[in-house]
Amino acid sequence: MQGYISIGVFIDGGYYAKVNRALKKLENSIIRVRSLFDFISERLAKAEGVNTSDCQITEAHYFRGRFRVKEAYDKHLLYNERKFEDTLIENDVVFHYKHLREIDRNGVTEVIEKGVDVWFALEAYELATFRRFDYVILITGDADHEMLVRKLKALKIKVVLLTWNLTDAEATSPLLKEEAGHHWELSELTRTHPALSRHLLYRLRSEPSPELGETF
């Protein structure tokens with residue numbers, strides 16, 4: 001393919017948060033959004049044989065459940081959430097939120113996230129239909145998105161599944177990988193290319209502030 005390459009990026013915020021938590025624990029680092037986006041554009045430009053300047057992310061969207069303001073304040077999450085949102089804004093990422101609910105089951109508090117995966121799939125499909133992306137990048141490991149991938153492929157859009165499996169919590173659905181066709185597993189890529197890991201990750205302070213939550 002020659003000419004301009006348009007890319008749409010869709011981020012499953014719950015999955016992204018799990019990856020960042022694992023990276024914090026293992027390497028005291030988190031993903032640098034700008035570097036991740038640059039990596040996506042550069043890799044696809046090389047694959048398509050075009051200049052990186054002609055292979056651009058034209059839209060990026062982030063989907064996540066989050067607590068209402070009082071709950072977030074009580075859990076000491078507000079600062080962390082706003083700081084992360086600043087990063088999204090600086091990189092022109094559109095964020096989509098639905099409220100989380102907490103319910104008590106036999107004395108155990110469970111956090112319920114309803115409808116985010118459906119919203120993710122509907123928005124990705126609708127935008128891909130109207131924008132006619134050449135590529136859609138899905139940052140997720142959820143098997144529920146298998147049919148989304150199939151529908152995007154029916155639009156003749158190339159789909160790349162981008163994952164970073166560090167623990168069993170981030171394990172990618174085999175069905176999703178098989179359906180996507182193009183799969184970039186960053187834990188493997190960074191292991192064989194250490195410089196890529198340094199490029200993609202932001203090193204945190206050795207002693208992070210205790211009031212910051214673990215949401216992101």
(request) Report yes if the side chains of Ile5 and Asp54 come closer than 4.5 Å at any heavy-atom pair, otherwise no. (result) no
(request) Apply side chain to side chain contact (heavy atoms under 4.5 Å, CB included) to the pair Tyr62 and Phe84, showing each step before the final yes or no. (result) CA-CA 11 Å; Tyr62 176 92; Phe84 183 72; 3.5 Å; yes
(message) Would you say Leu88 ends up clustered with Ile139 if hydrophobic residues are merged whenever their side chains have heavy atoms under 4.5 Å apart, either directly or through other cluster members?
(response) yes
(message) Would the distance check show the side chain of Thr192 and the main-chain N or O of Glu188 forming a donor-acceptor pair, the cut-off being under 3.5 Å?
(response) yes
(request) Measure the CD-CZ distance between Glu126 and Arg131 for me, rounded to the nearest 0.5 Å. (result) 9.0 Å
(request) State, with a plain yes or no, whether a side-chain heavy atom of Phe10 is found less than 4.5 Å away from one of His145. (result) no
(message) Taking side-chain contact (heavy atoms from CB on, under 4.5 Å) as the definition, give me every residue that meets it alongside Tyr202, ordered by chain and number, with sequence neighbours left out.
(response) Ile30, Arg32, Leu204
(request) Check whether Leu189 and Leu26 end up in the same hydrophobic cluster, where Ile, Leu, Val, Met, Phe, Trp and Tyr are linked by side-chain heavy atoms less than 4.5 Å apart. (result) yes
(request) Keeping the roles fixed (side chain from Tyr16, backbone from Phe63), state whether a donor-acceptor pair exists under 3.5 Å. (result) no
(request) Drop me the distance from Thr52's OG1 to Lys46's NZ, to the nearest 0.5 angstrom. (result) 10.5 Å
(request) Please report the closest heavy-atom contact between Phe67 and Ala72, naming both atoms and the distance. (result) CB-N, 3.9 Å
(request) Any chance you could measure Glu85, atom CD, to Asn80, atom CG, to the nearest 0.5 Å? (result) 10.5 Å
(message) Under the rule for side chain to side chain donor-acceptor pair (under 3.5 Å), what residues qualify as partners of Asp38, not counting sequence neighbours?
(response) Arg34
(request) Determine whether Leu127 and Phe133 make a side-chain contact, defined as any pair of heavy atoms from C-beta on separated by less than 4.5 Å. (result) yes
(message) For the backbone of Glu27 and the side chain of Arg203, can you confirm whether one donor and one acceptor N or O come within less than 3.5 Å of each other?
(response) yes
(request) Group every Ile, Leu, Val, Met, Phe, Trp and Tyr by side-chain heavy-atom contacts under 4.5 Å, then state whether Val94 and Ile7 land in the same group. (result) no
(message) I need the minimum non-hydrogen distance between Leu200 and Phe39, along with the two atoms involved.
(response) CD2-CB, 3.9 Å
(request) Enumerate the residue pairs fulfilling salt bridge (Lys or Arg N to Asp or Glu O under 4.0 Å) with a member in residues 192-202, sequence neighbours excluded, ordered by first and then second residue. (result) none
(request) May I ask you to check whether over 12 heavy atoms, not counting those of Glu42, lie within 6.0 Å of atom CD? (result) yes
(message) Testing the 3.5 Å rule here: is there a donor-acceptor pair between the side chains of Gln56 and Thr58?
(response) no
(request) Rounded to the nearest 0.5 Å, what's the gap from CD on Glu48 to NZ on Lys158? Could you check? (result) 4.0 Å
(message) Can you confirm whether more than 12 heavy atoms, excluding those of His199, are under 6.0 Å from its NE2 atom?
(response) yes
(request) Check for a donor-acceptor pair, side chain of Asp142 on one end and backbone N or O of Asp144 on the other, with a separation under 3.5 Å. (result) yes
(message) Checking one residue: Val69. Which other hydrophobic residues are in its cluster under the side-chain 4.5 Å linking rule?
(response) Tyr73, Leu78
(message) Starting from Trp164, can I reach Leu176 by hopping between I/L/V/M/F/W/Y residues whose side chains sit under 4.5 Å apart?
(response) no
(request) Report the distance from atom CG of Leu152 to atom CD1 of Ile157, rounding to the nearest 0.5 Å. (result) 5.5 Å
(request) In plain terms, say whether Glu81 and Arg64 are close enough for a salt bridge, that is, a side-chain N and a carboxylate O under 4.0 Å apart. (result) no
(message) Apply side chain to side chain contact (heavy atoms under 4.5 Å, CB included) to residues Leu162 and Leu36 and explain how you reach the verdict.
(response) CA-CA 10 Å; Leu162 190 153; Leu36 179 63; 4.3 Å; yes
(request) Could you check if a side-chain atom of Leu186 sits within less than 4.5 angstrom of a side-chain atom of Ile31, using non-hydrogen atoms only? (result) no
Would you be so kind as to tabulate the donor-acceptor pairs closer than 3.5 Å made by side chains of residues 116-124, with sequence neighbours excluded?
none

(message) Looking at Ala60, is its backbone amide N or carbonyl O close enough to the side chain of Asp92 to form a donor-acceptor pair, meaning the two atoms are under 3.5 Å apart?
(response) no
(request) Side-chain contact test, heavy atoms from C-beta onward, threshold under 4.5 Å: evaluate it for Lys18 versus Leu166 and give yes or no. (result) no
(request) State plainly whether one hydrophobic cluster holds both Leu138 and Val33, where clusters connect Ile, Leu, Val, Met, Phe, Trp and Tyr through side-chain heavy atoms under 4.5 angstrom apart. (result) no
(request) Any chance you could measure Ile137, atom CD1, to Trp184, atom CH2, to the nearest 0.5 Å? (result) 5.0 Å
(message) Tell me every residue that passes side-chain contact (heavy atoms from CB on, under 4.5 Å) with Lys153, counting only those two or more places apart in sequence or in another chain.
(response) Val149, Val159, Glu179
(message) I need the minimum non-hydrogen distance between Thr129 and Arg132, along with the two atoms involved.
(response) O-NE, 3.5 Å
(message) For Leu161 versus Ala180, what's the shortest heavy-atom pair and its separation?
(response) CB-CB, 3.8 Å
